[in-house]
*Asks:* 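Got a structure for you, questions after.
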2 protein chains.
Amino acid sequence: MNERQQQSLMMQAGLRITDQRLALSALLFADEQPRHVTAEEVYDEAKQQGVRMSLATVYNTLHRFTAAGLLREVQVDPGRVWFDTNVSEHHHMYDEDTGQLTDIPAGSLGSVTLPKLKANKQVNRIDLVIRIGTRN
Amino acid sequence: MNERQQQSLMMQAGLRITDQRLALSALLFADEQPRHVTAEEVYDEAKQQGVRMSLATVYNTLHRFTAAGLLREVQVDPGRVWFDTNVSEHHHMYDEDTGQLTDIPAGSLGSVTLPKLKANKQVNRIDLVIRIGTRN
DNA sequence: GTGTTTGCAAAGTGTTTGCAATTTA
DNA sequence: TAAATTGCAAACACTTTGCAAACAC
């Protein structure tokens, strides 16, 4: 995704174009490959590339991107949020030893039948995480 | 589950019987109903019942119970671990508005086909969480 | 008696907040 | 110029740690 495309995504989401947001979207979306990142990780990467940005802004931006549908949060770890650039329907495999998080295409796991909900409730998201580890 | 049964569970797990552990197992396992609790919650309950116990001991005990297979951890919330007294295979529904966590029997959702793993890896657990919220 | 468990308070981790200064549109 | 965004540091919520005293076996 090129910079122009990234800009238009942000503008469509009603977000102002700032240096920091462009830098983050470059890190996250430049090569189309899905990425799983934590705030700290992105912050370090940005710093390495000489982009000046506070950690608070990283959090701020990641949340705004999430609200805009550009990212998806993944909870695999207590006390640590992962952000996934792949926002299409899919699942995850999480290696509890290495911390590595891998995408699994939706549909490759079989079907899910939803339970009945109260009329005023809706399904926000379905999280399916396969936790693996080294055989003991 | 009566106190004798709770004791034998702990002893089988190689855990010494202490007042605090008995108090917690009473809170968690006395009526057979599945419970979803956080450390803070159990701590408050214990205090209400006049059981003297530090928060550190609650964490300590919950983790030992988990390691012993008496509890299962559930990650639905960043920065907050839930413990589930239902350790049999099942899934969860999580209401993002109220924080309420509900069990869903395994098998009621359809089948899951596992991806192939490296020879030295095994599946530790499968977490399936259906996140619901109020329709907007 | 020996080794485990407890309690306390302090430290740690990841995240959020308040607010003045800066920047965008 | 008005409104949004940033950076900083302080505050936060939850969890873990270190160590002496208490306890189980």
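Just the heavy atoms: all of them, side chains too, but no hydrogens, waters or symmetry mates, feed the values below. Chain A is the first sequence line, chain B the second, and so forth, proteins listed ahead of strands; every chain is numbered from 1. Just so you know, these numbers come straight off a predicted model, no measurement behind them.
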*Asks:* Just to verify, what does B:Ala46 make a side chain to side chain contact (heavy atoms under 4.5 Å, CB included) with, not counting sequence neighbours?
*Replies:* B:Leu27, B:Val51, B:Met53
*Asks:* Is any NZ, NE, NH1 or NH2 atom of the basic residue among B:Glu45 and B:Arg35 found under 4.0 Å from an Asp or Glu carboxylate oxygen of the other?
*Replies:* yes
*Asks:* Considering Watson-Crick and G-U wobble pairs with both distances under 3.5 Å, what does D:dC23 pair with?
*Replies:* C:dG3
*Asks:* Nearest whole Å is fine: how far is C:dG14 P from A:Asp44 CG?
*Replies:* 11 Å
*Asks:* Round to the nearest Å and state the distance from A:Leu15 atom CG to D:dT5 atom P.
*Replies:* 7 Å
*Asks:* C:dT23, OP1 or OP2 - any side-chain N/O from A:Arg16 closer than 4.0 Å?
*Replies:* no
*Asks:* Is there a Watson-Crick or G-U wobble partner for C:dA20 with both distances under 3.5 Å, and which nucleotide is it?
*Replies:* D:dT6
*Asks:* Taking CZ from A:Arg21 and P from D:dT5, how many angstroms apart are they, rounded to a whole number?
*Replies:* 4 Å
*Asks:* In whole Å, I'd like the distance from the CG atom of A:Leu24 to the P atom of D:dT5.
*Replies:* 14 Å
*Asks:* Could you tell me which non-hydrogen atom of A:Gln33 sits nearest to which non-hydrogen atom of A:Thr85, and how far apart they are?
*Replies:* O-OG1, 4.0 Å
*Asks:* Taking side chain to side chain donor-acceptor pair (under 3.5 Å) as the test, write out the residues that go with B:Asp31, two or more places apart.
*Replies:* none
*Asks:* Expected output is a numbered-order residue list: members of residues 46-64 of chain A with a heavy atom under 4.0 Å from any atom of DNA chain D. What is it?
*Replies:* A:Arg52, A:Met53, A:Ser54, A:Ala56, A:Thr57, A:Asn60, A:Arg64
*Asks:* Please state how far atom CG in B:Asp19 lies from atom P in C:dT6, giving the value in whole angstrom units.
*Replies:* 9 Å
*Asks:* For B:Arg80 and D:dT15, what is the distance between atoms CZ and C1' respectively, to the nearest whole Å?
*Replies:* 12 Å
*Asks:* Residues two or more places apart in sequence or in another chain: which of them pass side chain to side chain donor-acceptor pair (under 3.5 Å) with B:Ser88?
*Replies:* B:Asn86
*Asks:* If you look only at pairs with a residue in residues 69-81 of chain B, which of them pass as a side chain to side chain donor-acceptor pair (under 3.5 Å), with sequence neighbours excluded?
*Replies:* A:Arg131-B:Gln75, B:Arg72-B:Asp127, B:Asp77-B:Tyr94
*Asks:* Is the shortest side-chain N/O distance from B:Gln20 to OP1 or OP2 of D:dC23 below 4.0 Å?
*Replies:* no
*Asks:* Using the closest heavy atom to pick a nucleotide of DNA chain C for each, name whichever of B:Thr18 or A:Gly79 lands nearer the 5' end.
*Replies:* B:Thr18
*Asks:* Rounding to an integer number of Å, can you tell me how far A:Tyr43 OH sits from C:dT13 P?
*Replies:* 16 Å
*Asks:* Pairs under 3.5 angstrom only: tabulate donor-acceptor contacts from the side chains of residues 60-68 of chain B to other protein residues two or more places apart or in another chain.
*Replies:*
{"residue": "B:Asn60", "atom": "OD1", "partner": "B:Arg64", "partner atom": "NE", "Å": "3.0"}
{"residue": "B:Thr61", "atom": "OG1", "partner": "B:Thr57", "partner atom": "O", "Å": "2.7"}
{"residue": "B:His63", "atom": "ND1", "partner": "B:Tyr59", "partner atom": "O", "Å": "3.3"}
{"residue": "B:Thr66", "atom": "OG1", "partner": "B:Leu62", "partner atom": "O", "Å": "2.8"}

*Asks:* Would you kindly give the CD-to-P distance between A:Glu40 and C:dG12, to the nearest whole Å?
*Replies:* 15 Å
